[in-house]
Amino acid sequence: MANNSRVAMFVPLSILMVLVISSGLVQEASAAGECGRTPIGSAAASLSPCLGAAKNARAKVPPACCTKVNALIRTSPRCLCAVLLSPLAKQAGIMPATAISIPKRCNIRNRPAGKKCGRYTVP
């Protein structure tokens, strides 16, 4: 009889543990946004060499910016869009219509031309 009560207690505890662990995994997975596990602020900061070019369509795009944008397009193109449309970008004075042209201005061949980023289209 004592063995039955241990089994009866073990089953609910096992179920509880599975629920707690799976809940943590779901929260962890949902925490990964457009930039994966990289916070959008960090992704935006990595694009700081692009600031002038993102504000002025006539500004020369620095090679460091092109390198960063190309790397982000290869690893996470949705992240680039998320950064361009973020409140951080707006606070920094970035013009999304201008910033979206940076991959073309850098002559990045694998850019997602024709894809939508909010109401903007990648040229």
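Numbering starts at 1 and runs along the sequence shown. Heavy-atom basis, side chains included; hydrogens, waters and symmetry copies ignored.
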Report whether [X] and [Y] are members of the same hydrophobic cluster (ILVMFWY, side-chain heavy atoms less than 4.5 Å apart, transitive linking).
X     : Y     : answer
Ile73 : Val83 : yes
Val69 : Val61 : yes
Leu51 : Leu88 : no

Is a side-chain N or O of [X] found less than 3.5 angstrom from the main chain of [Y], in a donor-acceptor match?
X      : Y     : result
Thr75  : Ala71 : yes
Arg105 : Ala59 : yes
Ser76  : Leu72 : no
Lys90  : Leu84 : no

Practice item. Over all heavy atoms of both residues, which pair between Ala53 and Lys60 is shortest? Give the atoms and the distance, please. Key: CB-O, 4.3 Å

Exercise for review: Grab the two heavy atoms, one from Pro49 and one from Pro62, that are nearest each other, plus how far apart they are.
Suggested key: O-CG, 3.3 Å

Check your understanding: Is there side-chain contact between Lys115 and Thr121, with at least one heavy-atom pair below 4.5 Å?
Key -> no

Point to revise | Test item: Ile102 and Ile108 side chains (from C-beta on) under 4.5 Å apart, heavy atoms | key: no

Point to revise | More than 12 heavy atoms from other groups under 6.0 Å of NZ on Lys116 | key: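 Atom NZ in Lys116 is crowded, with more than 12 foreign heavy atoms closer than 6.0 Å.
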
Check your understanding: Got more than 12 heavy atoms from elsewhere within 6.0 Å of CZ, Arg78?
Key -> no

Practice item. Carefully, step by step, assess Cys65 and Cys50 under the rule disulfide bond (SG atoms under 2.5 Å apart). Key: CA-CA 5 Å; Cys65 170; Cys50 304; 2.0 Å; yes

Nearest 0.5 Å, what's the [atom1]-[atom2] distance between [X] and [Y]?
X      : Y      : atom1 : atom2 : result
Arg58  : Thr98  : CZ    : OG1   : 11.0 Å
Asn70  : Asn110 : CG    : CG    : 5.0 Å
Ser86  : Ile94  : OG    : CD1   : 7.0 Å
Ser101 : Met95  : OG    : CE    : 11.0 Å

Practice item. List for me each residue that meets side chain to side chain contact (heavy atoms under 4.5 Å, CB included) alongside Cys81, sequence neighbours excluded, and say none if there are none. Key: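 Residues passing side chain to side chain contact (heavy atoms under 4.5 Å, CB included) with Cys81: Leu85, Cys117.
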
